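One structure below.
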There are 2 protein chains.
Amino acid sequence: MTVGGDTVTEVVRLSWKDVRDRVHGRVLDGTYAPGDRLPRDEDLAEEFGCARSTVQRAMQDLSLSGIVERRRKGGTRVRRDPVTRATLDIPITRNEVENRGAVYGYRLIGLTTEAVPPPVTAKFEMAGSEEMLRVRALHLADGHPFVFEDRWVSLRTVPEILEIDLAAQSANEWLVRNKPYTRCDLRFYAMNADAETAAILETGEGAALMVIERTTWIGLDPITSVKAVTAPGYEILTRS
Amino acid sequence: MTVGGDTVTEVVRLSWKDVRDRVHGRVLDGTYAPGDRLPRDEDLAEEFGCARSTVQRAMQDLSLSGIVERRRKGGTRVRRDPVTRATLDIPITRNEVENRGAVYGYRLIGLTTEAVPPPVTAKFEMAGSEEMLRVRALHLADGHPFVFEDRWVSLRTVPEILEIDLAAQSANEWLVRNKPYTRCDLRFYAMNADAETAAILETGEGAALMVIERTTWIGLDPITSVKAVTAPGYEILTRS
DNA sequence: AAGTGGTCTAGACCACTGA
DNA sequence: CAGTGGTCTAGACCACTTG
């Protein structure tokens, strides 16, 4: 170490983010190529002059980001197929409307008990069919249609739903606030508005609409499956 | 501790997942209501009989899941607005096609250098305009149109792109494999096919199509912005 | 200024899983 | 069965942020 000289060798304390970025840099510049096995955490720790747990923290992050894959005994490898990984937040529809500075509105359209049709049993991955509560409702923003939801709620898993006044409170809101889930499948696609949907959303037949389908379970028991058809112009953004 | 008796008090070793689940349970059953402040990590550690770092690991996970919010000095609080948080993987288009068991194909449609129009400068959050490489290309699955991409690549940030044979290798593939980014914005929406897009994707005018827009930067420098229009029937699924 | 979460360390043991 | 990642601990210090 030379103070006032040219090179100053300093004992730098590396944070786990530093380690992550340096390892990531090596993946990007080809030092570690796709499919390659990286050194063991312990060796990296020695190289970087930090504790193994610091390397572990860094590698955990790279693993979560989809950069590397880790296995006990198998070691750490650079993923062969790079992916863009993003996190999506889907809020309660009321909050989504209010966050846009609009006034939230809600209208119950239909409430029936029906046997679940095959397309929905498939989403739940159920063997046979059963009776479920079907809730059809419209969410509004400043009085304009915003999202139309067609929802099935399992009466076996969530019998309490029958005691909720679904004309006053949306099933969306009640379920998200009261029924935790352990599994959630999401599906996004575009569809042309059919006559009925167009009428409900006050748009033209054939308009391109974004659809969000969400199915949740608690353990293996189905909770709800909802097809939310959004009004034209709806966008999904990933959080920064 | 009574072996062979009724109650056996065992010194159980809690894992961070156990701690996470127990705290999560308290959020769900209302012990900790939305907006409430939770006990400090240290107090929870004492209560659960584990190290503070174990509680820290658990809370970090709950924080990532959007269940609680943590701030130094401010403590840990239950989020007021529950969200459904999901992780999306967007693979390279080639892999997406091949993972469906189809044969991947690629066709370069247009390659020009143009001044970036306002809608695209907005996506990049650029002050003025500049010349960029515009690449228009079609990805095919088993010979059928799969995704049409209209892409802008910054010649200032990525001059090497000019040396790549974009008729042989898609910009998608080359960029994902070679140009790391530090920021990625994603946007999804539905649009009706216009005449040109319908022709390219071999579908009818007005068909509902899912659009994926992705813009990436390295630091503050723009890399690329792409509008990927998918063929009818395209879906986005969250990984389990 | 003080309280609380964030990180680092060194060491130990556990739990997968590939050879 | 042996190698590697995963987790836990106890303690220390740091960094942010709020009262």
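Fair warning: this is a prediction, and the values are worked out from it, not measured in the lab. The chains referred to below are lettered A, B, ... by the order of the sequence lines, with proteins before strands, and numbering in each begins at 1.
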N-O pairing of [X] and [Y] below 4.0 Å:
X	Y	answer
A:Arg156	A:Glu130	yes
A:Arg77	A:Glu69	no
A:Glu47	A:Arg26	yes
B:Arg94	B:Glu173	yes

Could you state the atom-to-atom distance from [atom1] of [X] to [atom2] of [N] in whole Å?
X	N	atom1	atom2	answer
A:Arg77	D:dT4	CZ	C1'	12 Å
A:Asp61	C:dG6	CG	C1'	14 Å
A:Arg70	C:dG18	CZ	P	15 Å
A:Gln60	C:dG6	CD	C1'	14 Å
A:Arg57	D:dG5	CZ	P	17 Å
B:Leu44	D:dT9	CG	P	14 Å
B:Asp18	D:dG6	CG	C1'	14 Å
A:Trp16	C:dT9	CH2	C1'	17 Å

Check DNA chain C against residues 33-41 of chain A and give the residues with a non-hydrogen atom under 4.0 Å, in numerical order.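 Under 4.0 Å from DNA chain C: no residue of residues 33-41 of chain A.
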How close do A:Lys123 and A:Trp217 get, heavy atom to heavy atom, and via which atoms?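 Scanning both residues completely, I find the closest heavy atoms to be O-CZ2, 3.3 Å.
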If you take all heavy atoms of B:Ser129 and B:Thr121, which pair is closest and at what distance?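 Minimum heavy-atom contact is CA-CG2, 4.0 Å.
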Do the side-chain N or O atoms of A:Arg71 get closer than 4.0 angstrom to the phosphate oxygens (OP1, OP2) of C:dG18?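 Yes, A:Arg71 has a side-chain N/O under 4.0 Å of OP1/OP2 on C:dG18.
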Phosphate contact (D:dG6 OP1 or OP2) by A:Gln56 side-chain N/O below 4.0 Å: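 True: A:Gln56 side-chain N/O within range (under 4.0 Å) of D:dG6 OP1/OP2.
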At what distance, to the nearest 0.5 angstrom, does [atom1] of [X] lie from [atom2] of [Y]?
X	Y	atom1	atom2	result
A:Ile92	A:Ser170	CD1	OG	7.5 Å
B:Asn172	B:Thr224	CG	OG1	9.5 Å
A:Ile223	A:Lys179	CD1	NZ	6.5 Å

Between A:Tyr189 and A:Glu213, do the side chains contain a donor N or O and an acceptor N or O under 3.5 Å apart?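 Distance-only check passes for A:Glu213 and A:Tyr189.
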Minimum-distance nucleotide (side-chain atoms of A:Ser15 versus C:dT7, D:dG6, D:dT7):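 Among the listed nucleotides, the one closest to the side chain of A:Ser15 is C:dT7.
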Which of the following nucleotides, D:dT9, C:dC8, D:dG5, is nearest to the side chain of A:Thr76?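 My answer, after comparing the listed nucleotides, is D:dG5.
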Identify each donor-acceptor pair in which a side-chain atom of residues 52-66 of chain B lies under 3.5 Å from a protein atom, sequence neighbours left out, and give them as a table.
from    : atom 1 : to      : atom 2 : distance (Å)
B:Gln56 : OE1    : B:Arg70 : NH2    : 3.1
B:Asp61 : OD2    : B:Arg20 : NH1    : 2.9
B:Ser65 : OG     : B:Asp61 : O      : 2.9

Pair listing, ring pair (Phe, Tyr, Trp, His ring centres under 6.0 Å) test, anchored in residues 64-104 of chain B, at least two apart: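 Those involving residues 64-104 of chain B are B:Tyr104-B:His139.
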Are A:Val68 and A:Tyr32 close enough, and set up right, to give a side chain to side chain contact (heavy atoms under 4.5 Å, CB included), and what steps lead you there? CA-CA 10 Å; A:Val68 302; A:Tyr32 304 140; over 6 Å; no
With axes from five pairs an end, tell me the bend angle of the helix from C:dA1-D:dT18 to C:dG18-D:dC1, nearest 10°.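 Rounded to the nearest 10 degrees, the bend comes out at 30°.
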Can you list the steps and then say if B:Arg183 with B:Asp185 is a salt bridge (charged side-chain N to carboxylate O under 4.0 Å, His left out)? CA-CA 7 Å; B:Arg183 179 182 164 198; B:Asp185 280 9; 2.9 Å; yes
Using atom names, set out every protein N or O paired with an N or O of nucleotides 14-16 of chain C below 3.5 Å, distance rounded to 0.1 Å.
from   : atom 1 : to      : atom 2 : distance (Å)
C:dA15 : N3     : A:Arg72 : NE     : 3.4

Under 3.5 Å between N/O atoms: give me all the protein pairs with nucleotides 10-13 of chain D, atom names plus distance.
from   : atom 1 : to      : atom 2 : distance (Å)
D:dA12 : N6     : B:Arg52 : NH2    : 3.2

